[in-house]
Each structure stands twice: as C-alpha cells, then as structure tokens.
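Residues take their numbers from the sequence shown, with the count starting at 1.
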Amino acid sequence: MTMTTIQSTPGSSGYLDLFPERKMSFFKNPYILGLSAVAGIGGMLFGYDTGVISGALLYIKDDFEGVRESELVQETIVSMAIGGAIVGAAGGGWINDAYGRKKATLIADVIFIIGAIGMAAAPDPHLLILGRLLVGLGVGVASVTSPVYIAEASPSEIRGSLVSTNVLMITAGQFLSYIVNLSFTRVSGTWRWMLGVSAFPAILQFLLMLFLPESPRWLFIKNRKNEAVHVLSKIYYDPARFHDEVDFLTTQSAQERQSIKFGDVFRSKEIKLAFLVGAGLQAFQQFTGINTVMYYSPTIVQMAGFNSNELALLLSLIVAAMNATGTILGIYLIDHAGRRMLALCSLGGVFASLIVLSVSFLNESSSSSGWLAVLGLVLYIAFFSPGMGPVPWTVNSEIYPEEYRGICGGMSATVCWVSNLVVSQSFLSIVEAIGIGSTFLILAAISVLAFVFVLIYVPETKGLTFDEVELIWKERAWGNNSDSRNLLAQE
C-alpha cells in the first residue's frame, strides 16, 4: 500500500478527516468503557499493592522485632513484590502471545489471590515475604496485559485516554489502599487486614473477566476471525467504520502470523529503536522517584517531623488523592496535548518539586520545613500524575507492531519493575548514607536526564494508527536515504 493509503486506513487522521462522522469519543460507547474498566482492575491491584505496604509496614514493625530492627528486612518486605513482578512481567509477554490477553488476566488474578491470602495469614516475616512474592508475580503479569488488552480494543483516536484509565485505576488503587490503611489502624490484626483486603478486587476482576471477550487483534492473529468480528461489532457501532476495520485487520493479520523470540527484537533496527524508547520511558518513570514517594510517603512524612502513624497516613492519603486527580487530568490531556508535550511538562514540574523536597530536608532547623516537605510531596504528585504516570504505559501499548506487542511489552514492563526494585530496595539505605535531602537532589538530576531523553528520542504518537507509528520507526531507522523511501513505498 502507498503512503496515501496508510493515511486513509481506519482510525488514521486522514481517514477521520474524510469521514468525521465515524470518529469515536470517550463516552460514546459504554461497552468499550466497561471493557477498559474491568481490564483496569489489574492496574488497581498494582496500585493497591504499591500503596498498602507503606502503611502496613508501620504496623508489621510493631509485631515483628526482627523487622523493626533491620532496615534490610523492611526493604525486602517492600521490594519482594517487585522481584515477583519482574518475573511476572518477563513471562507475561509470552503468556499474552501464547494464550491471549484474557487468559493472562485470569492467571494473574489467581496468583494474586493466593498471595494476598498468604500475606494476611503469615505467622512470620519469611512467609509474609513469600506472599509478597506471589502478589508480585500476579501484578507483573497484569502490568503487561491490561494496557495491551485495552489498546488493542480501542479506536486509535481515543486509545491514549482509554489506556490511561488503567493508570487511573493504579492511582485509584493507591488511594484506596490509604483509606483501607486508615480504616484498620485501630483494628486487631491491623496489617493483616490491610494486606488481605487486596484479594477482593482480584476476585471481582476474575469473575467479570469471564464474561469479557479476547482482544480482537489477538483473535485475528490466531485466525479466529469470526470471534474477532463479533467483538469489533460491539466496539464500532457505525457500520461503515466497522466494515473498514474488519477489512483492514484481516489484511494486516495475514501478514503478521509469525513466531517472535526475544532475540528478534534486537535484529530489527526499527523494533530495537522502539523498544529502547519504550524501556527508557519505563526506567525514567521509576528513577524520577514515583514509587519512592508512594511506597515510603508515610515514612517521609515522619522524617519531616510528623511522628504519629495516623497523621502520617492521613497526610499520605492527601498525596494519593492528588495522584488520582492528576491522572484524571492526564486522561483528558493525553489525546489533546499529546504524549510528548505532556511528558516534558510533567518532568519540568517534577524537577521543581524535587528541589522543594530537597530544600525542606536540608533546612530541617526551620519550623516550617515539615510542611514544606508535605507541599513538595503534593507538588511532585500534581506534576507527575498527569504526565509521567500515564505516558510510559500508553506509549508502550502503541509503539510496537502487533506481532511484537506482547513480547516487547513484557520486556519493557520488566525494565519498569527492575528499575522499581532498584529504587525501592536502595532508598532507605541511600537516605541513611547521604541524607534524604541529598537523595532528592539525585532524583532531581535524573529528572533532567529524563527531560532530555524525551525531548530527543520520544516521538509524538497522539491519534496515530499502529501502522502510522510503525512508519515512524522505519523512518528513524533508515533515515531519508533511498533505502528508507523504498521501505516506505513497499508499505
């Protein structure tokens, strides 16, 4: 097909300019919203697990002397879930490609439920750590599956907003975890309830997912066209758009039925470029400190001079509420301002807020330093959540060709979780060594590097079809020489 044809493929800007009446809007189809919401419960599990441990850790230390006396054990309890998520994300891409997005979600739920019950019943720190590992495995698989499932079922013009609902569910899970933490502060077995409650959303998603379809794009790849067409008929209610989408995906899937291995990612110049951008975004999302804030915000608040556990949790609840509110703003902006501009503005604000946090801890003698630290936390979340919260997940769900989407998504999510592990496992130790103010200065310097990375390497994918995004990487891989033009002409 020619470049002109690509510009008029279903969902492309050229196509929607020709047929504006076929354009989808965010609230126009309740079916796709419901599908995104159910898939996004995987994000809620991710968020709840991220947030709940920060409060539960305060009470786990009260029950177990070995935990209270060892920062290493505390960091291990926090980070073991991330270790499990690394394994889950690495295997999740293969599970997605082999068994489908729906079965991958169901598998993730079962593992998570077992882990949540195990944590709640743990008689000692060792079994608690094992439960955290199982929960992490489930979260890792879900972190790969949810954004890909939503993206593959989404019209391109609202894909960013719909994938961002998964990030909204992450922040909603974090907010819910702080409410649960506050609710159980005066209940016997405090931390057991905090950790065990997480089984309920996993059970809910498992039951609802039984009634949802498989991703239509995965069904096409597996030559299950009749099932795929049935799903597409519920997504695209305009008959002309529906038939165009079916015809396009039928042609496209016939070209993409091939087995992809890990090594194939690095043999293709354009796929390697796409993966480096996707993985880079995930790494910078973590190394600019988001899960340092979410895992340890009550601890940070106590370091700022607020010694009460309940007050620390209440102030952290405000931080979590800001996170959820900012993500809602991001859902609107990501398909209007675009991914790249949103990330750049977000990182600029993150840098400024990290400087505020650093100053607040470097001037601890000041009577206002505690409240300045809380202000820094709130500003950090206010800037991070609309941009660097949803952008990495959205970009990773749309920058890879169909046959690479599962495996590259899994590899990129693995980078995210490895980076998360490094940050969470080392934060308290670094603070012990150089002080919390200096630690935030390091994160501020990393946010500058992230800004430069986005400015130079991340393309704008707002409103583009998967085909149009694929052309970006071919142009970058082969430049403006004759080889590039020949490759594009062959499309």
Side-chain angles (χ1 to χ4, degrees), residues 1-36 39 147-165 213-221 224-256 331-342 394-395 397-402 405 459-475 488-491:
M1 73 182 91
T2 65
M3 287 290 285
T4 304
T5 305
I6 290 174
Q7 287 298 321
S8 60
T9 54
S12 68
S13 55
Y15 178 90
L16 295 174
D17 287 341
L18 288 171
F19 308 105
E21 71 281 1
R22 299 178 189 176
K23 186 174 183 178
M24 303 283 287
S25 64
F26 188 76
F27 293 106
K28 210 167 184 179
N29 189 337
Y31 178 79
I32 189 67
L33 283 178
L35 182 150
S36 300
V148 170
Y149 180 76
I150 296 170
E152 291 185 342
S154 301
S156 61
E157 60 268 36
I158 55 172
R159 187 175 60 235
S161 298
L162 288 171
V163 173
S164 294
T165 61
E214 183 52 79
S215 156
R217 287 180 175 271
W218 186 85
L219 290 170
F220 266 110
I221 290 294
R224 293 160 60 178
K225 181 177 177 179
N226 290 339
E227 295 173 65
V229 169
H230 178 68
V231 178
L232 289 172
S233 69
K234 296 183 178 181
I235 297 172
Y236 299 101
Y237 45 82
D238 180 273
R241 175 80 181 268
F242 163 68
H243 287 297
D244 287 345
E245 293 282 350
V246 170
D247 291 343
F248 175 67
L249 288 175
T250 300
T251 302
Q252 189 182 50
S253 63
Q255 302 169 350
E256 293 178 344
I331 288 175
Y332 171 79
L333 291 175
I334 201 163
D335 280 324
H336 290 79
R339 286 74 156 140
R340 188 169 179 270
M341 181 57 67
L342 197 54
T394 300
V395 170
S397 73
E398 61 191 7
I399 60 174
Y400 310 117
E402 180 73 37
R405 199 164 297 137
E460 182 53 70
T461 55
K462 179 186 76 171
L464 300 182
T465 64
F466 289 124
D467 257 16
E468 289 172 323
V469 175
E470 194 172 343
L471 282 177
I472 291 175
W473 303 119
K474 289 185 176 180
E475 290 172 343
L488 296 176
Q490 290 169 13
E491 297 292 328

Approximate separation, where rounding is to 0.5 Å, of [X] [atom1] and [Y] [atom2]:
X      : Y      : atom1 : atom2 : result
Arg159 : Ser36  : CZ    : OG    : 12.5 Å
Lys462 : Thr394 : NZ    : OG1   : 14.0 Å
Leu464 : Glu470 : CG    : CD    : 12.5 Å
Glu157 : Ser25  : CD    : OG    : 9.0 Å
Thr165 : Leu33  : OG1   : CG    : 8.0 Å

Minimum heavy-atom separation for [X] to [Y], with atom names?
X      : Y      : answer
Met341 : Ala337 : CB-O, 3.8 Å
Glu152 : Ser215 : OE1-OG, 2.5 Å
Ile32  : Ala153 : CD1-O, 3.1 Å
Ser397 : Val163 : OG-CG2, 3.7 Å
Ile235 : Met24  : O-CE, 3.2 Å

Beyond-backbone contact of [X] with [Y], side-chain heavy atoms, under 4.5 angstrom:
X      : Y      : answer
Val229 : Leu219 : no
Pro147 : Ile150 : no
Phe19  : Arg241 : no
Trp473 : Pro459 : yes
Tyr149 : Leu35  : yes
Tyr236 : Asp244 : no
Leu232 : Leu249 : yes

Sorted by chain and residue number, the side chain to side chain contact (heavy atoms under 4.5 Å, CB included) partners of Ser161 (sequence neighbours excluded) come out as Phe26, Ile331, Ile334, Asp335

| task | Report yes or no: does Asn29 contribute a side-chain atom to a donor-acceptor pair with the main-chain N or O of Lys234 at less than 3.5 Å? | result | yes

The side-chain contact (heavy atoms from CB on, under 4.5 Å) partner of Pro216 among Val231, Val246, Ile221 is Val231

The ring-ring contact (aromatic ring centres under 6.0 Å, His included) partners of Tyr237 (sequence neighbours excluded) come to none

Residues passing the ring-ring contact (aromatic ring centres under 6.0 Å, His included) test with His336, sequence neighbours excluded, are Tyr332

Are any of the side-chain nitrogens in [X] or [Y] under 4.0 Å away from the carboxylate oxygens of its partner?
X      : Y      : answer
Glu227 : Arg217 : no
Glu214 : Arg224 : no
Arg405 : Glu398 : no

